[in-house]
Amino acid sequence: MTKKLASTDVLLTCIIKGIEEVKGNDIEILDLREIDTAVCDYFVICNGSSNTQVNAIVNSVQKLVSKEIKDKPWHVEGTDNAEWVLMDYVSIVVHVFQKEIREYYNIEGLWGDAKITTIQNKY
């Protein structure tokens, strides 16, 4: 079990780094491990300012995770219109939004029981 946790921690670090490399905004980590009905361990939520930036964030995360830990998402959807892209790494699901779409769907509010960690922008 420790190996799985370490692997999830490394994946989480790589995802955050990939988001930060292309200046993704408002990064939050929702820890879902204590919620019985959760489908994964973590949600990582962030937003970009345009569909171009949303796709850049997705590409950066995929590239960095592939390079650093030789992993790829099980499933990716939403890249066609890039308003909300979901990247499923099984233990971690990454949601990359445009700001208005993120506010509309309010995933943080839907998962209000989760422990939320906000990552401060480094830029």
Q. Does I116 reach the side chain of I29, with side-chain heavy atoms less than 4.5 Å apart?
A. no
**Q.** Shared hydrophobic cluster for I15 and F97 (ILVMFWY, side-chain gaps under 4.5 Å)
**A.** no
**Q.** Residue pair I27 / T118, side-chain heavy-atom distance below 4.5 Å
**A.** no
(Q) Using the rule that Ile, Leu, Val, Met, Phe, Trp and Tyr join whenever any side-chain heavy atoms are under 4.5 Å apart, tell me whether V22 and V65 fall into a single cluster. (A) yes
Q. Is any side-chain heavy atom of Y42 less than 4.5 Å from a side-chain heavy atom of T8?
A. yes
Q | C46 side chain near D26 side chain, heavy-atom distance below 4.5 Å | A | no
Q. Does N51 offer a backbone N or O that forms a donor-acceptor pair with the side chain of E83 under 3.5 Å?
A. no
Q.
Could you go through D31 and T117, starting from their C-alpha distance and side-chain angles, then the distance that decides it, and tell me whether this counts as side-chain contact (heavy atoms from CB on, under 4.5 Å)?
A. CA-CA 8 Å; D31 185 343; T117 304; over 6 Å; no
Q.
If you compare all heavy atoms of Q98 against all heavy atoms of N81, which two are closest, and at what distance to 0.1 Å?
A. NE2-O, 4.2 Å
Q | pair Q62-Y89: side-chain heavy atoms closer than 4.5 Å | A | yes
Q. If you round to the nearest 0.5 Å, how far is CG of D88 from CD of E77?
A. 9.0 Å
**Q.** ILVMFWY cluster, I101 and V44 together (side-chain gap under 4.5 Å)
**A.** no
Q: Over all heavy atoms of both residues, which pair between G24 and I57 is shortest? Give the atoms and the distance, please.
A: CA-CD1, 3.7 Å
Q | 4.5 Å side-chain heavy-atom contact, L86 and V94 | A | no
**Q.** Transitive ILVMFWY side-chain link V76 to F43, under 4.5 Å
**A.** no
Q: Could you check whether the rings of W84 and Y105 sit parallel, tilted or perpendicular, using 30° and 60° as the cut-offs?
A: tilted
Q. Taking atom CG of L12 and atom OG of S7, what is their separation to the nearest 0.5 Å?
A. 11.0 Å
Q. Atom CD1 of I69 and atom CG of L11: how far apart are they, to the nearest 0.5 Å?
A. 4.5 Å
**Q.** E68 (side chain) donor-acceptor with L64 (main chain) under 3.5 angstrom
**A.** no
Q) Excluding sequence neighbours, so at least two apart, what forms salt bridge (Lys or Arg N to Asp or Glu O under 4.0 Å) with E108? A) R102
Q: Mark yes when over 12 heavy atoms from residues, nucleotides or ligands other than E103 sit less than 6.0 Å from its CD; otherwise mark no.
A: yes
Q | Distance (rounded to the nearest 0.5 Å) between E28 CD and I107 CD1 | A | 11.0 Å
Q) With distance as the sole test, does S60 use its side chain to make a donor-acceptor pair with the main-chain N or O of A56 at under 3.5 Å? A) no
Q. Are the side chains of L32 and D41 in touch, meaning some heavy atoms are under 4.5 Å apart?
A. no
**Q.** Side chain proximity check, V61 to V58, heavy atoms < 4.5 angstrom
**A.** no
Q. Under a 4.5 Å side-chain heavy-atom rule over Ile, Leu, Val, Met, Phe, Trp and Tyr, are M87 and I45 clustered together?
A. no
Q.
I'd like to know if the side chain of Q53 and the backbone of K23 have a donor-acceptor N/O pair within less than 3.5 Å.
A. yes
